Number of protein chains: 2
Amino acid sequence: MNAEAATEAKPRDREATRQRLLRAARSLFAEHGYEQVTVRMIAAAADANIALVGRYFGSKAGLFGEVLAGEPTVARVIEGDPEGLARRLGEYAAERMYSDPESPILRSLERSAGDPEIQELVRERLRNAIIAPMTAGLDGPDAQARARLATAVFLGIGTMRRLLGPEVPTPADVDRITAVFELCLRPHT
Amino acid sequence: MNAEAATEAKPRDREATRQRLLRAARSLFAEHGYEQVTVRMIAAAADANIALVGRYFGSKAGLFGEVLAGEPTVARVIEGDPEGLARRLGEYAAERMYSDPESPILRSLERSAGDPEIQELVRERLRNAIIAPMTAGLDGPDAQARARLATAVFLGIGTMRRLLGPEVPTPADVDRITAVFELCLRPHT
DNA sequence: GCGGCTAGTAAACGAGCGTATACTCGCCTG
DNA sequence: CAGGCGAGTATACGCTCGTTTACTAGCCGC
């Protein structure tokens with residue numbers, strides 16, 4: 001009757017333990033950001049030993065990198081027809097402003113920037129997984145600058161939500177945010 | 001001939017030392033954010049003893065709070081006629097994206113959020129010094145939501161600049177960013 | 001001229017961190 | 001059934017952090 005089977009049985013299974021650590025890390029990083037999460041928290045959440053983080057991922061930074069790499073969350077929003085991109089971004093950002101049912105790792109991007117190694121990981125992820133595919137769907141020479149601006153708005157909304165707490169978005173909010181994204185992404189004034 | 005007079009003479013002057021610590025802290029916090037700055041760094045930069053931080057400001061958090069309180073930087077941009085607010089925000093954000101000649105403490109807002117006490121300070125500062133005065137210049141029932149969105153864009157641009165490095169803003173960028181702020185602040189669609 | 005208030009100093013403390021090491025135990029092969 | 005490989009564990013190491021304490025030394029009023 002004690003805390004034996006938290007989520008599922010735990011036989012000696014390297015891969016299963018690895019996955020538990022990965023899932024726990026993903027959840028915690030998304031919730032609190034890289035710096036605020038300790039390997040002890042991750043190990044406890046995964047019901048695993050601290051040393052296994054080092055054993056399976058080399059280091060905390062390595063684990064974070066693997067979490068980032070396995071994160072498909074935003075691709076669904078960004079890829080797809082460029083026509084509805086602004087709308088999808090608007091809805092996603094508005095919903096993110098309200099409540100965060102699934103925890104997207106994107107949320108940790110803005111607040112994980114202490115260790116230079118981590119900053120490099122975040123930068124690369126930001127470029128390759130967000131700005132690059134977004135730029136690919138745009139026309140014009142300043143496509144990257146526009147994608148960058150849209151990403152800035154996206155991150156900023158997340159930051160505000162984190163700092164000030166969620167706020168129920170009205171349909172008007174979604175429309176306004178969508179319009180902002182459209183303006184960011186529009187080829188030229 | 002050794003490192004005696006770094007910037008100015010240093011007689012036993014409580015107030016002067018306090019100010020040196022305050023200035024050093026302001027600069028470092030703005031550059032690296034709260035978490036990344038240690039009291040040892042501050043004391044070294046101020047050419048003062050570590051213990052004085054505790055003595056004069058109570059704690060590192062207290063020092064940060066005093067730095068925040070004495071920061072008039074953004075008021076100049078936000079206050080003034082609401083007509084040109086979007087333009088001023090646009091120019092400031094664009095310039096901030098490019099280069100940061102004077103170091104505004106605002107930059108540390110987004111990345112200083114670990115300690116709950118600090119988060120509370122940042123939240124309060126964000127509300128009182130940015131959102132509230134911005135809301136005051138707007139009309140309509142959703143004025144605060146609009147100010148909040150504009151602030152989100154503002155912070156997001158800062159975050160991007162910090163993560164990806166500065167990028168030379170073209171006049172078109174300034175215009176686009178200004179248009180974004182106008183859209184954020186406009187009463188209704 | 002000197003005693004006491006006070007600015008400034010040096011050093012250490014305790015806690016928390018990421019990481020590494022030495023060990024135990026369960027399972028699977030031969 | 002015996003042996004060993006590897007998953008999992010307990011624990012400690014080294015470091016840095018913010019903070020505190022005990023001390024030194026300069027100025028100012030009497």
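Lettering follows sequence order; numbering is per chain, from 1. Hydrogens, waters and symmetry mates play no part in the numbers below; they use all other heavy atoms, side chains included. Worth saying up front: this structure is predicted, and the values here are computed from it rather than measured.
A salt bridge is absent between A:R186 and A:E182; no separation between the charged side-chain nitrogens and carboxylate oxygens falls under 4.0 Å. The pair B:R18-B:D13 does not count as a salt bridge, with every side-chain nitrogen at least 4.0 angstrom from each carboxylate oxygen. The existence of a salt bridge linking A:E91 and A:R88 is excluded, since no basic side-chain nitrogen approaches an acidic carboxylate oxygen closer than 4.0 Å. Look at B:R127 and B:E124 and you find no salt bridge, because none of the NZ, NE, NH1 or NH2 atoms lies under 4.0 Å from a carboxylate O.
Between the P atom of C:dG18 and the CG atom of A:L52 lies a distance of 15 Å, rounded to the nearest Å. What separates CD1 of B:I42 from C1' of D:dC17 is a distance of 12 Å, to the nearest Å. The separation between B:R20 atom CZ and C:dA7 atom C1' is 11 Å, rounded to whole Å. As rounded to whole Å, 7 Å separates atom P of D:dG18 from atom OH of B:Y34. Following rounding to the nearest Å, B:E117 (CD) and D:dG18 (C1') show an atom-to-atom distance of 12 Å. The distance from atom CD of A:Q36 to atom C1' of C:dG18 is 15 Å, rounded to the nearest whole Å. Atoms CG (B:L28) and P (D:dG18) sit 12 Å apart, rounded to a whole Å. Per the geometry, CD1 belonging to A:I118 stands 12 Å off C1' belonging to C:dG18, to the nearest Å.
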Tell me, for nucleotides 19-30 of chain C in 5' to 3' order, what letter each nucleotide earns: B for a base near a protein heavy atom under 4.0 Å, S for only sugar-phosphate near one, - for neither?
BBBB--BB----
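Evaluation of the side-chain hydrogen bond (donor to acceptor under 3.5 Å, both in side chains) rule for B:N49 yields no partner, not counting sequence neighbours. Every residue meeting the salt bridge (charged side-chain N to carboxylate O under 4.0 Å, His left out) condition with B:E167, not counting sequence neighbours, appears here in chain and number order: A:R148.
At the heavy-atom level, A:Y56 lies under 4.0 Å from the strands shown only through sugar-phosphate atoms.
Remark: B:T17 is not in phosphate contact with C:dA7, judged by side-chain N or O atoms under 4.0 Å from OP1 or OP2.
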